[in-house]
Amino acid sequence: MTNYLSLLSLVFLIAAIAVGFIKKLNVGFIAVGFALVIGRITGMSDKVIISGFNTSLFVMLVGISYLFSIAQINGTLELIAKKFIALAGKKTYLIPIIMYILGAVIAAIGPGTIPAFALAAAFGVPLALAMKTNPLLLTSMGQLGAIGGGMTAIAPTGIIGINLSAQQGINNVAIPLLGNAIIGSAFFAIILYIAFKGYKAGGENPLKLKDLPKFNKNQIITMLGILLMVTVTIAFKINVGLSSFLIATILTIFNIADEKECIKSMPWGTLILVTGVGVLMNVVIASGGINIMAKALASIMNEKTAAPLIGLTSGIMSWFSSTSGVVMPTMIPTVNTVMQTVGGNLSGPELVSAISVVASVAGLSPASTGGALVLSAYLTNVHLDDEEQNKLFARLFIISVCAVIALTLFVGLGGFKFIK
């Protein structure tokens with residue numbers, strides 16, 4: 001493949017991301033269309049182009065999303081969240097910490113970061129207002145927890161990271177990715193807790209265990225179904241998507257939740273985004289475009305700066321595009337070339353972790369999913385004029401910028417080197 005065609009394929013990738021951002025369109029749809037054009041220009045058949053659609057990943061993501069849409073629709077996740085917060089009792093300074101743990105647990109057991117982001121925003125804002133504390137503290141703590149827990153091998157972002165790494169021959173990444181995500185997100189959560197004086201959180205906890213309803217029959221069955229899914233997946237090494245489909249189907253047959261509502265609540269836009277970008281990425285990789293991009297990045301790196309720079313690049317990209325749908329599929333394929341070009345003792349799992357975690361914390365921005373959900377939840381509960389809305393937008397973006405800078409420095413100091 002000539003350098004001209006390799007560079008052209010990279011231009012198509014950048015153009016797809018830019019058009020999606022500027023026109024507010026799903027980059028997945030654009031990517032598939034662009035894949036056809038650049039694929040034909042570089043001499044690829046339709047069969048080769050279509051082979052970039054990762055069916056295994058799609059089945060996993062749809063299965064997990066379907067199962068946890070049931071838990072969301074029948075109120076299981078919301079009641080779990082309320083009972084978690086009620087555990088703090090009168091020790092309201094523990095509530096921000098519990099929000100972090102709650103976000104991590106909810107994301108880790110399968111729903112992933114986006115549902116946990118939404119829960120933290122929708123639940124954290126009214127809770128903070130009732131406590132007369134800063135809503136941005138509770139929502140950010142919950143979303144940081146979701147970023148950490150969302151890297152498990154059964155959560156969508158973790159699945160994507162592990163899957164993309166395996167395609168590049170980088171194995172045994174599951175434990176380092178999860179461990180580094182928890183360490184990194186907890187590191188910035190501690191900074192936020194201190195900066196917002198969470199230890200001085202006052203007011204009264206509006207949630208009391210005695211006032212909360214017991215889990216109903218459908219919710220108990222849902223929780224048992226999720227536990228069975230996790231057990232079957234781990235014990236029998238069954239694809240998590242297939243086991244999720246099986247459990248979700250059984251729950252649906254017994255009317256545990258309304259099927260139409262569950263399907264409607266699934267993140268179809270994200271599913272198309274992730275798999276659609278994968279089609280274009282397959283063409284770009286085969287055309288040599290990613291190799292050019294990786295070598296350009298490696299040219300400004302050395303052994304000590306490679307991880308923080310690749311993380312920073314990913315964080316900046318994530319301010320304008322999806323972490324799991326665009327940034328991870330674009331950046332993780334560069335890891336092998338960066339390691340080969342820079343040399344030294346660079347670690348694949350460390351670079352993958354830097355990409356995934358720094359990009360994820362950038363998602364706290366109001367221009368991205370996490371911050372946008374907080375902004376929406378805030379405006380639902382509090383009337384703000386245009387000037388106040390702009391100030392809230394700026395505060396959310398500042399939190400995101402600080403998160404990216406803090407995590408980049410943390411990675412640069414070797415924070416992701418310990419778990420292998």
Side-chain angles (χ1 to χ4, degrees), residues 17 100 113 140-141 143-148 150-151 157 161 164-165 170 173 176-195 293-294 296-324 326-335 337-339 341-342 344-371 394-420:
I17 296 170
Y100 176 89
T113 53
S140 296
M141 292 291 284
Q143 291 185 343
L144 284 166
I147 289 167
M151 295 294 178
T157 309
L164 289 168
S165 299
I170 304 169
V173 79
L177 182 58
L178 174 60
N180 289 328
I182 292 173
I183 290 171
S185 62
F187 169 72
F188 189 66
I190 292 170
I191 293 174
L192 268 189
Y193 185 78
I194 295 171
M293 179 178 169
L297 285 171
S299 67
I300 59 171
M301 296 173 176
N302 57 41
E303 186 180 348
K304 291 183 178 180
T305 63
L309 280 178
I310 206 168
L312 179 61
T313 303
S314 303
I316 293 170
M317 287 177 64
S318 194
W319 282 331
F320 309 104
S321 55
S322 164
T323 297
S324 56
V326 175
V327 180
M328 290 170 69
T330 301
M331 297 301 294
I332 290 176
T334 67
V335 168
T337 302
V338 168
M339 288 194 297
T341 306
V342 174
N345 294 316
L346 286 179
S347 159
E350 181 188 2
L351 295 182
V352 170
S353 296
I355 291 166
S356 306
V357 179
V358 181
S360 293
V361 297
L364 299 175
S365 159
S368 196
T369 307
R395 285 197 293 269
L396 284 165
F397 193 73
I398 287 169
I399 290 174
S400 173
V401 171
C402 290
V404 169
I405 293 172
L407 265 294
T408 299
L409 292 173
F410 184 73
V411 172
L413 292 171
F416 286 178
K417 289 183 179 295
F418 302 107
I419 302 178
K420 298 180 179 179

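In this text, all values refer to a predicted model and were calculated from it rather than measured experimentally.
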(request) For the pair Glu303 (side chain) and Gly344 (backbone), establish whether a donor and an acceptor sit closer than 3.5 Å, ignoring hydrogens and angles. (result) no
(request) Would you confirm whether Ser400, through its side chain, and Ala362, through its main-chain N or O, come within 3.5 Å as a donor-acceptor pair? (result) yes
(request) Could you tell me whether a side-chain N or O of Ser368 sits under 3.5 Å from a main-chain N or O of Leu364, the two making a donor and an acceptor? (result) no
(request) Please check if the side chain of Thr313 supplies one atom and the backbone of Leu309 the other of a donor-acceptor pair under 3.5 Å. (result) yes
(request) First locate atom CE of Met151, then atom CG of Leu178, and finally report the distance between them rounded to the nearest 0.5 Å. (result) 9.0 Å
(request) Determine whether Leu297 and Met331 make a side-chain contact, defined as any pair of heavy atoms from C-beta on separated by less than 4.5 Å. (result) yes
(message) Please find the pair of heavy atoms, one from Ala359 and one from Ser314, that lie closest to each other, and give the distance.
(response) CB-O, 3.8 Å
(message) I need the minimum non-hydrogen distance between Met328 and Ser356, along with the two atoms involved.
(response) CE-OG, 3.5 Å
(message) Tell me if a side-chain donor or acceptor on Thr408 pairs with a main-chain N or O of Val404 at a distance below 3.5 Å.
(response) yes
(message) Using the rule given for side-chain contact (heavy atoms from CB on, under 4.5 Å), can you reason through Leu144 versus Phe188, listing the C-alpha separation, both sets of side-chain angles and the distance that settles it, and then say yes or no?
(response) CA-CA 8 Å; Leu144 284 166; Phe188 189 66; 3.8 Å; yes
(request) With rounding to the nearest 0.5 Å, note down the distance linking CZ in Phe187 to CG in Leu409. (result) 7.5 Å
(message) Quick one: does any side-chain atom of Ser185 pair with a main-chain N or O of Ile182 as donor and acceptor, under 3.5 Å?
(response) yes
(message) Any non-hydrogen side-chain atom of Val411 less than 4.5 Å from a side-chain atom of Asn180?
(response) no
(request) Could you tell me whether the side chain of Val358 reaches within less than 4.5 Å of the side chain of Leu312, counting heavy atoms only? (result) no
(message) Test side-chain hydrogen bond (donor to acceptor under 3.5 Å, both in side chains) on Thr323 and Ser360; report intermediate values, then the result.
(response) CA-CA 6 Å; Thr323 297; Ser360 293; 4.8 Å; no
(request) Please name the pair of heavy atoms, one in Gly150 and one in Thr113, separated by the smallest distance, quoted to 0.1 Å. (result) CA-CG2, 4.0 Å
(request) Kindly indicate whether the side chain of Trp319, heavy atoms from C-beta on, has any atom under 4.5 Å from the side chain of Phe397. (result) yes
(request) Can you measure from CD1 (Ile332) to CD1 (Ile310) and round to the nearest 0.5 angstrom? (result) 9.0 Å
(message) Nearest 0.5 Å, please: how far is CD in Glu350 from CG in Leu177?
(response) 12.5 Å
(request) From the options Leu346, Val338, Thr341, select the one residue that forms a side-chain contact (heavy atoms from CB on, under 4.5 Å) with Met301. (result) Val338
(message) Less than 4.5 Å apart, side chain to side chain, heavy atoms only: is that true for Leu164 and Pro329?
(response) yes
(request) Using a 4.5 Å cut-off on heavy atoms from C-beta on, say whether the side chain of Leu351 contacts that of Ile170. (result) no
(request) Could you tell me whether the side chain of Phe416 reaches within less than 4.5 Å of the side chain of Pro176, counting heavy atoms only? (result) no
(request) Enter the distance from Ile300:CD1 to Thr305:OG1 here, rounded to the nearest 0.5 Å. (result) 8.0 Å
(request) Enter the distance from Ser140:OG to Leu192:CG here, rounded to the nearest 0.5 Å. (result) 5.5 Å
